[in-house]
Structure formats: C-alpha cells, structure tokens
Amino acid sequence: MIIIVRHGQTLWNVLKKLQGHKNSKLTEKGKLQAFKVAKFLDQKIKKIEDFEIYSSPIKRVVDYTNVINSKLRNTKIKKKIIYSNYLKEHNFGKWEGKSIKEIKK
C-alpha cells in the first residue's frame with residue numbers, strides 16, 4: 001500500500017502565491033490538517049507492521065511530516081523519515097513568492 005500526502009495549508013497558499021523550492025510556513029489550519037492526517041493514518045496502519053515515511057526536504061513539508069510522525073499512536077516507535085530531493089515541488093524560479101496577478105504583469 002502506498003499513501004501519498006501533500007503538505008497542509010501554508011501562508012503563501014492563503015496569499016495565493018506560487019511556492020516551489022522556497023519555503024512558506026504552515027498556517028494553524030495546515031498544522032491541524034497534519035493532525036487529521038495522523039489520525040487517518042493511525043486507522044490505516046493498525047494492520048501494517050512495517051512501513052516507511054518519505055518526505056521532501058523542503059521545510060514546510062518537513063514540518064508537516066514531523067507533526068504527523070509525532071502523532072502516530074499505533075506505532076511502537078517513531079519512524080525515521082527518509083528525505084528525498086525527488087519529492088520536491090517544481091522550482092518556479094523568479095516567480096516563487098509572487099501571486100498570479102504579479103506574474104501576469
């Protein structure tokens with residue numbers, strides 16, 4: 001079984017700005033979304049004894065993954081997170097941190 005999770009809401013999501021390799025902090029809603037994902041995964045992994053967690057090394061994703069990993073209740077030990085550059089979002093270059101309106105100009 002493979003479960004893919006995208007990071008929760010960030011400040012730039014709220015401001016409708018592009019984010020790729022540049023970081024934007026998780027909002028309180030984004031952190032709450034991580035708790036909900038952990039609860040969902042707890043139900044899914046009850047029957048799975050061995051699993052791995054992979055994550056993008058971008059800070060917003062690392063923060064999100066750490067919240068999820070710390071809240072998993074059905075595992076005896078917290079998992080080591082495996083970080084991979086292959087899981088990074090696209091790099092939008094000079095457009096990162098800009099809104100679509102700003103980019104259109």
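Residue numbers start at 1 and run along the sequence shown.
The salt bridge (Lys or Arg N to Asp or Glu O under 4.0 Å) pairs that include a residue from residues 96-105 number zero, where partners must be two or more places apart or lie in different chains.
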Residues 88-95, side-chain donor-acceptor partners within the protein, below 3.5 Å, at least two apart:
unit_1: Glu89; atom_1: OE2; unit_2: His7; atom_2: NE2; d: 3.3
unit_1: Glu89; atom_1: OE2; unit_2: Arg60; atom_2: NH2; d: 3.0
unit_1: Asn91; atom_1: OD1; unit_2: Gly93; atom_2: N; d: 2.8

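Residue Tyr54 is found in a hydrophobic cluster whose other members, listed by chain and number, are Ile82, Leu87; membership requires side-chain heavy atoms under 4.5 Å apart, directly or through intermediates.
Ile4 pairs by the side-chain contact (heavy atoms from CB on, under 4.5 Å) definition with Ile2, not counting sequence neighbours. Remark: Ile81 pairs with Ile53, Ser55, Thr65, Asn66, Asn69, Tyr83 by the side-chain contact (heavy atoms from CB on, under 4.5 Å) rule, at least two apart or across chains. For Glu28, the salt bridge (charged side-chain N to carboxylate O under 4.0 Å, His left out) partners two or more places apart in sequence, or in a different chain, are Lys31. Scored by the side-chain hydrogen bond (donor to acceptor under 3.5 Å, both in side chains) test, Asn13 finds Thr10 as partners (sequence neighbours excluded). With sequence neighbours left out, Gln9 forms a side-chain hydrogen bond (donor to acceptor under 3.5 Å, both in side chains) with Thr27. With sequence neighbours left out, Lys59 forms a salt bridge (charged side-chain N to carboxylate O under 4.0 Å, His left out) with Asp63. Scanning for side-chain hydrogen bond (donor to acceptor under 3.5 Å, both in side chains) contacts around Gln33 gives an empty result, with sequence neighbours left out.
Once rounded to the nearest 0.5 Å, the distance linking CH2 of Trp12 with OG of Ser99 reads 11.5 Å. Arg6 contributes atom CZ, which lies 10.5 Å from atom OG of Ser56 (distance to the nearest 0.5 angstrom).
Residues Ile68 and Val62 share a hydrophobic cluster, clusters being chains of Ile/Leu/Val/Met/Phe/Trp/Tyr side chains in contact below 4.5 Å. Residues Leu26 and Leu41 share a hydrophobic cluster, clusters being chains of Ile/Leu/Val/Met/Phe/Trp/Tyr side chains in contact below 4.5 Å. Val14 and Tyr64 end up in different hydrophobic clusters when Ile, Leu, Val, Met, Phe, Trp and Tyr side chains are linked at under 4.5 Å.
Closest of all the heavy-atom pairs between Pro57 and Ser84 is CD-O, 3.2 Å.
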